[in-house]
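Notes for the one structure printed next.
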Amino acid sequence: MSRMSNSTPARPDKVGLVELAALKRDGTPIVMVTAYDFPSARLADEAGVDIVFTGDSAANNVLGYADTTPISMDEMVMLGAAARRGTHRAFFMIDMPLGAFQVSDEDAVRHAIRLVKETGAEAVKIEGGGSMVSRARAIVAAGIPTMGHLGLTPQSATMLGGYKAQGRTAAKARQLFADALSLQAAGCFAIVLEAVPARVAERITQALHIPTIGIGAGAQCAGQVLVWHDLLGINTGRTAKFVKRFAAVADETRRGLEAFAAEVRAGTYPAEEHTYPISDEEFALFESEVSPGVLVADDWL
Ligand code: KIV
């Protein structure tokens, strides 16, 4: 499959499931990015990304948790609704956090409906294959577009032996392949492949008619997703092998904050142009009313 189209693809006014399927069919890579608030989603939308996604990675990237497992439905709803308000053209979707879909199909459908109703999400994502396939089928049957997520699934990282690449033996790769086909058969409209060898991801991508969205899964996936704070260089520590920093926002933010602090301390901010005027007459009147010795009227207090 060609990863580059020969001409600039026409940009749809609004990205929906039909447009995402067409991007895959045309060999135009789908661009997906996480966003957890209004201004970020608006910037992503204006930049022309295809999918804005409030991931449960909000847990570690904006809420300060150690990993994605603690984030609650209420927290996802609050962050997702804000990101949704900034998203107009892109397809907007949200993650189902740990606990929202593992218990039963009914529970999964109930939580998916809540996410759609309270955030305005157009689709949800769930992690895992195996018994999670039936959850995906149930959510799709309830009329909610669903994206799968295979490979390194952070909600079950402990079971996977940590944050490690998945599918690196023939048996494990075969399992991923089978899970991907099952999720497709369950009605998923796309599948994230995270930290999977590029050759395995390519083979899975070829076998599916729905798009794969790679994160650490090589260039042959039908699309790519990265986490906002990773790609913009807001996270500055050690990152996963697949992360590329496309900007240095943390450095720029630090520079701005240090400059603000320095100017406040030096007395150069605020300057004249940052202040509001009052006429000489009004100010003189005011002065006369608050001069020492002038009695303050009762109705001022
Ligand atoms: O939560 C998240 O950011 C994700 C992406 C890696 C797809 O699941």
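Just so it is clear, the model here is predicted, and its values are computed rather than measured. Ligands are counted one by one from 1 in listed order, and the atoms in each one are counted from 1 as well.
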How long is the span from the CD1 atom in Ile144 to the CE atom in Met96, to the nearest 0.5 Å?
8.0 Å
Quick one about Glu282 and Ser279 (side-chain donor to acceptor, distance below 3.5 Å, no hydrogens or angles considered), yes or no?
no
Classify the angle between the aromatic ring planes of Tyr269 and Phe260 as parallel (below 30°), tilted (30 to 60°) or perpendicular (above 60°).
perpendicular
List for me each residue that meets salt bridge (Lys or Arg N to Asp or Glu O under 4.0 Å) alongside Lys164, sequence neighbours excluded, and say none if there are none.
none
What pairs of donor and acceptor atoms, side-chain ones from residues 229-237 against any protein atom, are under 3.5 angstrom apart with sequence neighbours left out?
unit_1, atom_1, unit_2, atom_2, d
Asp230, OD1, Asn235, ND2, 2.8
Asn235, ND2, Asn61, OD1, 2.9

Ring pair (Phe, Tyr, Trp, His ring centres under 6.0 Å) pairs touching residues 170-200, sequence neighbours excluded, are Phe91-Phe189
Please tabulate, one line per pair, the protein N or O atoms found under 3.5 Å from any N or O atom of ligand 1, giving the distance to one decimal.
unit_1, atom_1, unit_2, atom_2, d
ligand 1, 1 (O), Asp56, N, 3.2
ligand 1, 1 (O), Asp56, OD1, 3.0
ligand 1, 1 (O), Ser57, N, 3.1
ligand 1, 1 (O), Ser57, OG, 3.2
ligand 1, 1 (O), Asp95, OD2, 3.2
ligand 1, 3 (O), Ser57, OG, 2.5
ligand 1, 8 (O), Lys125, NZ, 3.0

